[in-house]
Amino acid sequence: MSVAVKQSPLFNDRKSFKRSRPSWVDDGNEDRRQKTPSKVTGLSPNSHLKSPKKARKSLNGFTGPSKIEDSGRASVNVSKPLQIQEQRSKLPIAKGKEALIREFRENDVTVLLGETGSGKTTQVPQYLLESGLAGDGIIAVTQPRKVAATSLAARVATEQNVNLGSSVGYSVRFDERFSPETRIKYMTDGMIVRELMSDSLLSKYSVVIVDEAHERSLRTDLLIANLKTILRQRNNIQDVKGKGKVKGNASNPLKVIIMSATLDAEKFGLFFEGAKILYVQGRQHPVKIYHSSQGQVDYVDAAMRTFFQIHTDYPPGDVLIFLPGQEDIESLEKTIQIYSNQLPHDHMLVLTCPMYASQAAGQNSKVFHPTPPNTRKCILATNIAETSITIPGVKYVIDTGKCKEKRYLARNTGGGFDTLLIRDITQSSAMQRAGRAGREGAGHCFRLYTEDAFKAMALSAEPEIMRCSLSSSLLQLKCLGQDLETLDLMDQPADESMKSSLIVLFLLGALDREKEITSVGRQMAAFPLEPVYSRAVIASTEYGCTQEVLDIVSVLSASSKLFVESSEQRDAVSEARQKFRHVCGDHLTILNVVKAYQEIAQSESKSGRKEWCRRHFLNERALLEANDIRDQLRQTCQRLGIDHRVSCGEKDDPVIQSLGHGLALNMALLQPDGFYKQAIGQSVVKIHPSSTLCDKKTPAIIYDELVYTNQIYARGVSKIPKSFILTFGTLKLQS
DNA sequence: GAGCACTGC
């Protein structure tokens, strides 16, 4: 979207600005919760939640999950254990400690609703440990994100006055600190789902606490489904006619605590039939919420006008604007800069800070520096500022009510690709955004949508399991002898989506005609990779290029992008890229980068490597992460008896052939009009402009993924011989 | 000519 810069600057005429700015309705929705813990009732009496209304009332305003802050107060001086214990006892949850322990003792499953700052994530595991409720087992606390798991563990170790890794530890990918004496273990949900594959009853855990359950990540959902089954088995629960559930004696019972911060906690309660629902109040400063009196057609323009309204009419304090993506952020940053330069000279200055994930690391850190005197910081952020990063000093939030969402369109519905489109946020997301204004003191949140629009929003986001490709999870489940169709999930994915993943796994050779897992499938599941890439690794053993394929797939599965983008130095970037460019396309270009980096790493110091990356516009974080992934993949190879050192030297064909086995469904042929048509499937696609093969008119290609934004783009593209498509054409006939 | 956010023994 482009924002037309208005010819007549708004600020030459204050009146016209006033007229043009959105008008606000004060909904009287100021959050009146106390911020002092003294008045907080830690736990509501007789705390069975009778209706969702009650929760809604208490939760009115903003709350939300917040990982690191929940643990909280990391900035507080933690050097003296006595002070720590005092802080612990002052947390809102502390008042309800005894009641909580009683409830945990009496119930197998508890759903604990807690607001930001209640301290539930750090305190509940300690209560369980200190009260002896965990027996001899380990208390697992799962988190959707790695940073949350590690920083929470560090905080709790400090509170327990023990070394991290002793009685309190953590386990996330590539990083773990725990020992045989570890009793409280913070871990990512992906990690515990992986553990299911070797211990399907999770028998070493006596309590599993699922934190941030409302986020409904794919792995959280799979974990919750498995926990329900495990509970029946370990707690010896049986259905007896007329009596309902009857508990027998159990030698190693399990307790499950679901922690959530949303409005729809009842769903968890219903899923775990008869689970007790408890509510803990949080600690958050009041945030006054304003809704616009009418809908805003152009949210970027409305955000701009609202920012200047705050800037001219409200006391100092930084402004955080939530926008859906980089494009809007860049355009709004430009207009704000243009207009702020036209402000009267005695007016406060404006410092704009764009923030989004793909931005170079140094650029993002600008927002954490203290705001200079006589300046108002204006942070323009994507959803990254909603959960992942907390920015200090924010007093005003402008919420456009929009975000981008990735959604998988099943292959058999004419899709087989992801869409990345702008859509309305949810109520819980809106509250989370508003809450960002009240972290350090009272704040204001300006919503660029009406109160009716807010009420019309979905309560919370659709679970990820409904929106993403399921092939990876289905393969994992098949290893456990389970199936998506029979697993008791909170929300069942669409039939098309499950069928689509079955087809993909069948065509990759991971499942047979009876939908049973094959030996290749088992090998694939052992790799922490997307099925398409684990298939390529296995194929590489036939073509003698395992080393090269591992180099490539580790970069492809790293979370950060390899190539740094910089719109200002476009020419320098493309010149630096040229050095690594390979005629076959993006996969071998990546291999060139990896090889070059390895060579540099031999001779250069740490700072030398860093400088080399900077000079070539490469993201070293991606390369370092890829190194970790490659080490892990090599270990997996060793376990499976695959020699990871086998190399094809300078030859290109074996690498492309191996990748082709994994990307067999991702092939396309050039059409006369310059577009590509899928070899298997109906979609007409275009090569993404970031690809080295863009505009190269390559007759036949394989690609890593398709993403629909303005049109369907193929990303991560390599040239293949046309004959290759014929080989896989026969595959198509078989199906 | 274009890039929401996470994550994996």
Side-chain angles (χ1 to χ4, degrees), chain A residues 65 67 142-149 171-176 187-199 212 215-220 222-223 322-330 355-360 381-389 400 402-407 418-423 425 429 432 461 464 467-468 472-473 475-476 479 525-531 533-534 553-554 557-567 570 574 619 625 628-629 631-633 635-636 639-640 686-691 694-695 705 707-711 713-716:
Chain A
K67 318 62 274 309
T142 73
Q143 294 291 325
R145 281 169 287 279
K146 290 208 278 191
V147 265
S171 173
V172 302
R173 194 184 188 189
F174 306 130
D175 191 11
E176 53 180 35
M187 55 208 294
T188 44
D189 44 18
M191 208 67 172
I192 200 165
V193 168
R194 271 279 168 184
E195 247 177 60
L196 276 171
M197 290 172 77
S198 54
D199 175 10
E212 314 288 14
E215 288 189 21
R216 301 291 307 276
S217 77
L218 176 59
R219 286 162 200 89
T220 300
L222 292 175
L223 174 61
F322 283 102
L323 292 149
Q326 183 181 344
E327 197 181 352
D328 288 336
I329 288 175
E330 283 172 353
M355 207 166 89
Y356 44 87
S358 61
Q359 192 176 222
T382 59
N383 255 354
I384 195 168
E386 195 180 299
T387 47
S388 311
I389 291 174
T400 57
K402 303 282 175 193
C403 68
K404 275 194 193 176
E405 187 187 75
K406 204 166 189 173
R407 182 176 280 270
D418 286 316
T419 61
L420 186 58
L421 301 169
I422 293 174
R423 58 165 292 162
I425 60 168
S429 179
Q432 179 79 19
E464 194 185 357
R467 307 185 329 243
C468 69
S472 185
S473 299
L475 185 60
Q476 259 184 28
C479 269
F527 287 96
L529 288 171
E530 283 296 323
Y533 297 132
S534 53
V553 298
S554 19
S557 36
S559 59
S560 19
K561 285 205 180 79
L562 178 58
F563 297 110
V564 178
E565 297 301 328
S566 168
S567 43
R570 218 149 76 175
S574 66
N619 180 4
E625 196 186 336
D628 283 340
I629 295 173
D631 286 346
Q632 206 179 34
L633 298 179
Q635 283 169 28
T636 310
R639 238 186 15 257
L640 299 179
K686 221 178 162 185
I687 296 180
H688 194 273
S690 65
S691 170
C694 187
D695 300 324
E705 58 172 359
V707 180
Y708 175 80
T709 51
N710 293 317
Q711 44 188 332
Y713 288 108
R715 289 206 285 215

State whether A:Ser198 places a side-chain N or O below 4.0 Å from either non-bridging phosphate oxygen (OP1 or OP2) of B:dC9. no

Within the distance-only criterion (no hydrogens, no angle test), does the side chain of A:Glu464 pair as donor or acceptor with the backbone N or O of A:Leu218 below 3.5 angstrom? yes

What's A:Phe527 touching, base or sugar-phosphate or nothing? Going by heavy atoms closer than 4.0 Å. nothing

Among B:dC9, B:dA2, B:dC4, which nucleotide sits nearest the side chain of A:Gln326? B:dC4

Whole-Å distance, A:Tyr708 OH to B:dA2 C1', equals 15 Å

So, does A:Gln632 get its side chain near the phosphate of B:dG8, meaning an N or O under 4.0 Å from OP1 or OP2? no

A:Arg407 CZ to B:dC6 P: how many Å, rounded? 19 Å

When you match A:Met197 and A:Asn383 each to their closest nucleotide on DNA chain B, which lands nearer the 5' end? A:Asn383

Side chain A:Asn619, main chain A:Lys561, donor-acceptor under 3.5 Å: yes

If only side-chain N and O atoms of A:Lys406 are considered, is one of them under 4.0 Å from the OP1 or OP2 phosphate oxygen of B:dC6? no

Please classify the nucleic acid contact of A:Gln635 as base, sugar-phosphate, or nothing, using heavy-atom distances under 4.0 Å. nothing

Is a donor-acceptor pair below 3.5 Å formed from side chain A:Ser472 to base B:dG8, judging by atom type as modelled? yes

Would you say A:Tyr356 reaches B:dG3's phosphate, i.e. side-chain N/O to OP1/OP2 under 4.0 Å? no

Between A:Phe322 (CZ) and B:dA5 (C1'), how many Å, whole number? 12 Å

Could you please name the option among B:dG3, B:dG1, B:dC6 that lies closest to any side-chain atom of A:Arg715? B:dG3

Given 3.5 Å as the limit, does a donor-acceptor pair link the side chain of A:Thr709 with the main chain of A:Leu420, or not? no

Ignoring the backbone of A:Ser559, work out which of B:dA2, B:dC4, B:dT7 is nearest its side chain. B:dT7

Counting side-chain heavy atoms from C-beta on, which of B:dC4, B:dT7, B:dG8 comes nearest to A:Val172? B:dG8

Does OP1 or OP2 of B:dG3 have a side-chain N or O of A:Thr709 closer than 4.0 Å? yes

Are A:Thr188 and B:dG8 close enough that a side-chain N or O sits under 4.0 Å from OP1 or OP2? yes

Indicate yes or no: does A:Lys404 engage A:Glu327 in a salt bridge with an N to O separation below 4.0 Å. no

Going through the checks in order, is the side-chain hydrogen bond (donor to acceptor under 3.5 Å, both in side chains) test met by A:Glu625 and A:Ser559? CA-CA 8 Å; A:Glu625 196 186 336; A:Ser559 59; 3.0 Å; yes

Round to the nearest Å and state the distance from A:Gln143 atom CD to B:dT7 atom C1'. 13 Å

Contact nearer the 5' end of DNA chain B, comparing A:Ala526 with A:Lys404: A:Lys404

Got a donor-acceptor pair under 3.5 Å from the side chain of A:Arg219 to the base of B:dT7? yes

Figure out the CD1/P separation between A:Ile422 and B:dA2, and round it to whole Å. 14 Å

Hey, does A:Leu218 reach any base, or is it just sugar-phosphate, or nothing, if we go heavy atoms under 4.0 Å? nothing

Over how many whole Å does the gap from A:Glu330 atom CD to B:dC4 atom C1' extend? 14 Å

Between CG of A:Asp175 and P of B:dT7 the distance, given in whole Å, is 13 Å

In whole Å, what is the span from the NZ atom of A:Lys686 to the P atom of B:dA2? 8 Å

Tell me, do A:Met187 and A:Glu176 make a side-chain contact under 4.5 Å, heavy atoms counted? no

Among the candidates B:dA5, B:dG3, B:dG8, find the nucleotide nearest to the side-chain atoms of A:Ile384. B:dA5

Any base atoms under 4.0 Å from A:Glu530, or only sugar-phosphate, or nothing? Heavy atoms, all strands. base

Report which part of the nucleic acid A:Ser217 touches: base, sugar-phosphate, or nothing (heavy-atom distance under 4.0 Å, all strands). nothing

Is the side chain of A:Thr400 donor-acceptor paired with the backbone N or O of A:Phe322 at a distance under 3.5 Å, no angle test? yes

